[in-house]
Student: 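Handing you a structure now.
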Amino acid sequence: MKKVLILMVITWIEVAWPIKIYDDDCIEYLQESQSQEDACDWDANYFKETFKPDVVNNVKDYLESTHPKTLGLVSSEDDGVPRLSSKIHDQCTCRSISCNCTGLGLKNVPNNLPHSIQELRLDYNAIAVLPNCTFCRYSQLNYLDLSFNNLTHLQVGSFWGLVNLIWLNLGNNSLVYFKETFPNGVFSDLVSLRCLKLHSNPNSHHQTGLHFPDEVLANLTNLESLYLDGFHSLVFGEHFKNLTKLKTLDLSQGYCNIKSLSKSALSNIYQISKLNLSGCNLQGDNLNNDVFKPLVNLKLLDISFNTDLGVKSFMSALKEIRHYNITTLIMNFIESSYSPSIFINHDITASFPTSLIYLEAQGNNFESIETGALQLLPPNLTYIIVGANRFLYGEYFNDLYTLKSVKVLKLNGGAYLPNIPKYVPQPEGDTRCSSPQHMFTSSRPLIITLPPNLLCLDLRFTGLRYRLTELTFNSSNSLESLIFCNNYFPLLQGPIIGLHKILKLFISDSSVKDIAPQMFQYLGALQELRLRNDQLQDFFEHNINQKVFKHLKNLRIIDLSKNALTTVQKKIFKNLNLLEEVDMSQNNMWAFNVSILNLFNLSLLNLSHTQLSTLPLETRQHIDQLLTYHSVVIDLSYAPIQCDCTNIDFLKWMTSSRAFDANFPNYMCRYENTSSAVLIQDAYMETLQFLGRRCADHSILFLVVISATLCMVSFVVVAVLYRFRWRLRYVYYAAYLMVKGQIKNTAKSEQFHYDVFISYAYKDEDFILGNLVPELTERKLSVLVHGRDFAVGEFIASNIVTAVKESRKTLVVLTRNLLNSTWCNFEMQMANMESVHTGRPVLVFLIKESIPTTELTSFHFIIHPRKKNIERSHQNIEISHQNIERSHQNIERSHQNIERSHQNIERSHQNIERSHQNIERSHQNIERSHQNIERSHQNIERSHQNIETSHQNIERSHQNINSSHVSEVQLN
């Protein structure tokens, strides 16, 4: 049965529910149909729609405060629930057809809300009075919650106009069960009401003279579910008969202290199909055996947490209705935990209703079962939940096969801690085990016989302490899920035999330290293996045998979380090719070295709460490959991801991969030079921006700059080498010869071995040796002939340089053949370099053939300087002519000055005649004139000297011209 009202869970529950529901429980095999329909369950959907965590926090603050607080509600649009518009009316939040006024400290019902609302939350306020026609303006209401207020009584018209109301909660107020509290007619307009909650009204269980307001409730003819408080010696009045549609009566949600139930206590609620009396302090001595007889339509009975009731007393009452159509029976913790162990005999098993399908009998000190008693259980019994008992292995285990319809069997122990008893426990008689005579004493081989249709067997918390060696089950079983959790199995040696259809095996929290290779040998159908919170760190780090998981070819899920794993061998999943989910969370792994390259069906890899700071590249690449085929979820929450330059590639991959939640909730970052990690809030955006600036890779730019610099330097070096290539070659060979001592510095000594070195092409050798050499020899010239006079065994380049340096002149016989000769070109270059290096003229050309100037491009560097000398000579002649012209101009100016002097003398004589007074001045002027004449004569003298110099320059220019003409003639 579903428990409702999250708010009540926050404030009402004082004692923890002792039976813990685990994720790996048999709950998936339980049919929901066993929980009878309850009209009040509609509020669970309402909470799912509108009740947000911020409201819970506000409610807590309100309850913990000594004075009411006015708390606003914040609307949330990111919960995935579609909403229309949202408006605030005096701090009430309204969305579409619902208004939430929870925890606002209101003393009155707001009158300014939309008239069309259908759902109204007014819980956790300070409303004390509901005047007549309070809700008349809200006639469309279906849901109204007035719980956790200060209501002490109602008025006749408190609910006038609510003809459409389906759900009403008046719980957790001060509505004591008196006639004055519920006046006649107060519920008369609630003709559509299906759920009414009047539970948890303080002091109801301390008052006397209480009775249920059945006269008022009689108007609720459509009521299906009713929640009330239970008081001592309660009796349901005759007006309850009018509630013909009432199906659920629940006295467990509030204050319940019934203690005793008379024979007629339930006679007027015969129509109900579900009765919950759990936690009502029922006492076995005060329970009439016929109390349940009127409940002929009963299908579900919950009598749990009545520890003073006793199994014997309850089974006596249950036996009277064993032929009723009861399908669900919940009788948890109805026996004192301090009473002796109970032996289930034939009388007990025969007392269960014959139509029973679902049975819960946890925490009742059951220890053993009489042989053959299991055969008396109802034939359709499918679900047996008998955990938190004290079962020991005995002969009755051989009778399990008789439970033909059982699909779920929970024999688990419990972690339930009882309270210290208020009274001395009183033992009962014949249901206790007085001796171990019923224990298993046979010496035949141990084969556990399971019910043929059993799907789930839960043996958690059963106190098993074994080396789990060979364990054999009967082969004719259908078991799919076996739960061994919370026991003590330090060694899983196995093998487990007979479970050919097993799909799930859970051995978590059992201190497992080692697993033998044959453990899973016969579990080839296994799909889910959980070894959570064991002690397998040494096994996976040092002792693991590659054959441990060899036979689990069909395994889909493996859980190795909370095993303190630090290092895991790489190929532990080698044979598990069908794995879909791997949970290695809450371990101490610093590096993920496990190979998952063979896991092509992987959909979940949980590595949260580990010490991992990154994932290896091959793992990332495999995940990217998987994402092209199906979705994959990777969880690294609460792992200290390294946020520095060395891990920036992983951060970029993680933030761009679809395998991670885009918001990265609870993800952490450990920055450089820090030992602790911090939670991130922005999905690593700021971290990546910071690292992007700090860790920018300048290597490419550096290489480009270095390459460009090298290219530039190389280009300059090559250009310089090319520009001075001949000079460098000349210097090299000259230095080479000087080091060898073959030549001396002829530039200083002016002593030459030869007068002329003849450079010619090989094809012109006949002319050279037949004509030129004899002619030059006849004229008493010492001749060195190219090739003929070279030193044998010496480099030809060295011979050429030696010939140039030891000869006064180098005669180049210019023919077309020479133009095509590489070595002749080299000889001319070396001769030219010798001329440049020593300052003496070396080259002399003998032009044997008429060669156009266009073909002499290779000799431009030699001929061009001579043309430049001729041009300079012509320029000097031009300059000389210009100087002569300037001299003539100076003479002309001198004659003009003499003419002016004569004119001045004439003027002086005229002045003498005109005035004797000016004679002195005239004489002075005459003196000045004579001085001017003297200067003029000097200028004339200088002009004559300039003319003489010009004539000399002209003479030199004519000499230079003649020399140039001679050279041109020789060249021709």
Student: Is Asn389 reaching over with its side chain to a backbone N or O of Asn365, donor-acceptor style, under 3.5 angstrom?
Tutor: yes

Student: Under 30°, 30 to 60°, or over 60°: which ring-plane class applies to Phe333 and Phe305, parallel, tilted or perpendicular?
Tutor: parallel

Student: Of all heavy-atom pairs between Ile507 and Cys485, which one has the smallest distance, and what is that distance?
Tutor: N-SG, 4.3 Å

Student: Does Leu627 form a side-chain contact (heavy atoms from CB on, under 4.5 Å) with Ser657? I'd like the steps, not just the answer.
Tutor: CA-CA 9 Å; Leu627 286 171; Ser657 176; 3.6 Å; yes

Student: For Phe484, what residues pass the ring-ring contact (aromatic ring centres under 6.0 Å, His included) criterion, not counting sequence neighbours?
Tutor: Phe489

Student: Going by the rule side-chain hydrogen bond (donor to acceptor under 3.5 Å, both in side chains), which residues pair with Thr402 if we only count those two or more places apart in sequence or in a different chain?
Tutor: none

Student: Kindly write out the residues that satisfy side-chain contact (heavy atoms from CB on, under 4.5 Å) with Ser595, not counting sequence neighbours, or none if the list is empty.
Tutor: Lys570, Leu597

Student: Would you name the heavy atoms of Glu581 and Ser603 that are closest together and state the gap between them?
Tutor: CG-OG, 4.1 Å

Student: Can any side-chain N or O of Ser508 pair as donor or acceptor with the backbone N or O of Arg532 at less than 3.5 Å?
Tutor: yes

Student: Tell me, please, which residues at least two apart from Asn380 pass side-chain hydrogen bond (donor to acceptor under 3.5 Å, both in side chains).
Tutor: none

Student: Under a 3.5 Å distance rule, please check whether Ser478 uses its side chain to pair with a backbone N or O of Leu455 as donor and acceptor.
Tutor: no

Student: Counting only N and O atoms by type, is there a donor-acceptor contact under 3.5 Å from the side chain of Asp514 to the main-chain atoms of Leu491?
Tutor: no

Student: Nearest 0.5 angstrom please: Leu531 CG to Phe540 CZ, how far?
Tutor: 6.5 Å

Student: Taking all atoms of both residues into account, what is the closest heavy-atom pair of Phe520 and His551, and its distance?
Tutor: O-CB, 3.6 Å

Student: Given side chains that start at C-beta, do those of Phe506 and Arg460 come closer than 4.5 Å, heavy atoms only?
Tutor: no

Student: Holding to side-chain hydrogen bond (donor to acceptor under 3.5 Å, both in side chains), I want the full list of residues that pass it with Asn487, two or more places apart in sequence or in another chain.
Tutor: Thr462

Student: Within the distance-only criterion (no hydrogens, no angle test), does the side chain of Asn563 pair as donor or acceptor with the backbone N or O of Asp534 below 3.5 angstrom?
Tutor: yes

Student: Scan Glu541, Gln611, Gln537 and name whichever one has a side chain to side chain donor-acceptor pair (under 3.5 Å) with Thr566.
Tutor: Glu541

Student: Give the minimum heavy-atom separation between Cys26 and Val408, together with the two atoms involved.
Tutor: CB-CG1, 3.7 Å

Student: Taking only residues two or more places apart in sequence or in another chain, which ones pass side-chain contact (heavy atoms from CB on, under 4.5 Å) with Asp509?
Tutor: Asn486, Asn533

Student: Taking ring-ring contact (aromatic ring centres under 6.0 Å, His included) as the definition, give me every residue that meets it alongside Phe473, ordered by chain and number, with sequence neighbours left out.
Tutor: none

Student: Tell me every residue that passes side-chain contact (heavy atoms from CB on, under 4.5 Å) with Leu376, counting only those two or more places apart in sequence or in another chain.
Tutor: His346, Thr349, Ala350

Student: Would you kindly say whether Gln621 and Asp624 are connected by a side-chain donor-acceptor distance under 3.5 Å?
Tutor: no

Student: Minimum heavy-atom separation for Phe549 to Ile572, with atom names?
Tutor: CD1-O, 3.5 Å

Student: List the residues meeting side-chain contact (heavy atoms from CB on, under 4.5 Å) with Lys571, not counting sequence neighbours, and say none if there are none.
Tutor: Gln546, Lys574

Student: Using ring-ring contact (aromatic ring centres under 6.0 Å, His included) as the criterion, list what pairs up with Phe391, not counting sequence neighbours.
Tutor: none

Student: My understanding is that only residues two or more places apart in sequence, or in another chain, count here; which of them pass ring-ring contact (aromatic ring centres under 6.0 Å, His included) with Phe397?
Tutor: Tyr393

Student: Counting only heavy atoms not in Lys553, do more than 12 sit closer than 6.0 Å to its NZ atom?
Tutor: yes

Student: Between Asn364 and Met331, what is the shortest heavy-atom contact and its length?
Tutor: ND2-O, 3.0 Å

Student: Enumerate the ring-ring contact (aromatic ring centres under 6.0 Å, His included) contacts for residues 585-616, please, sequence neighbours excluded, ordered by first and then second residue.
Tutor: Phe600-His622, His609-Tyr638

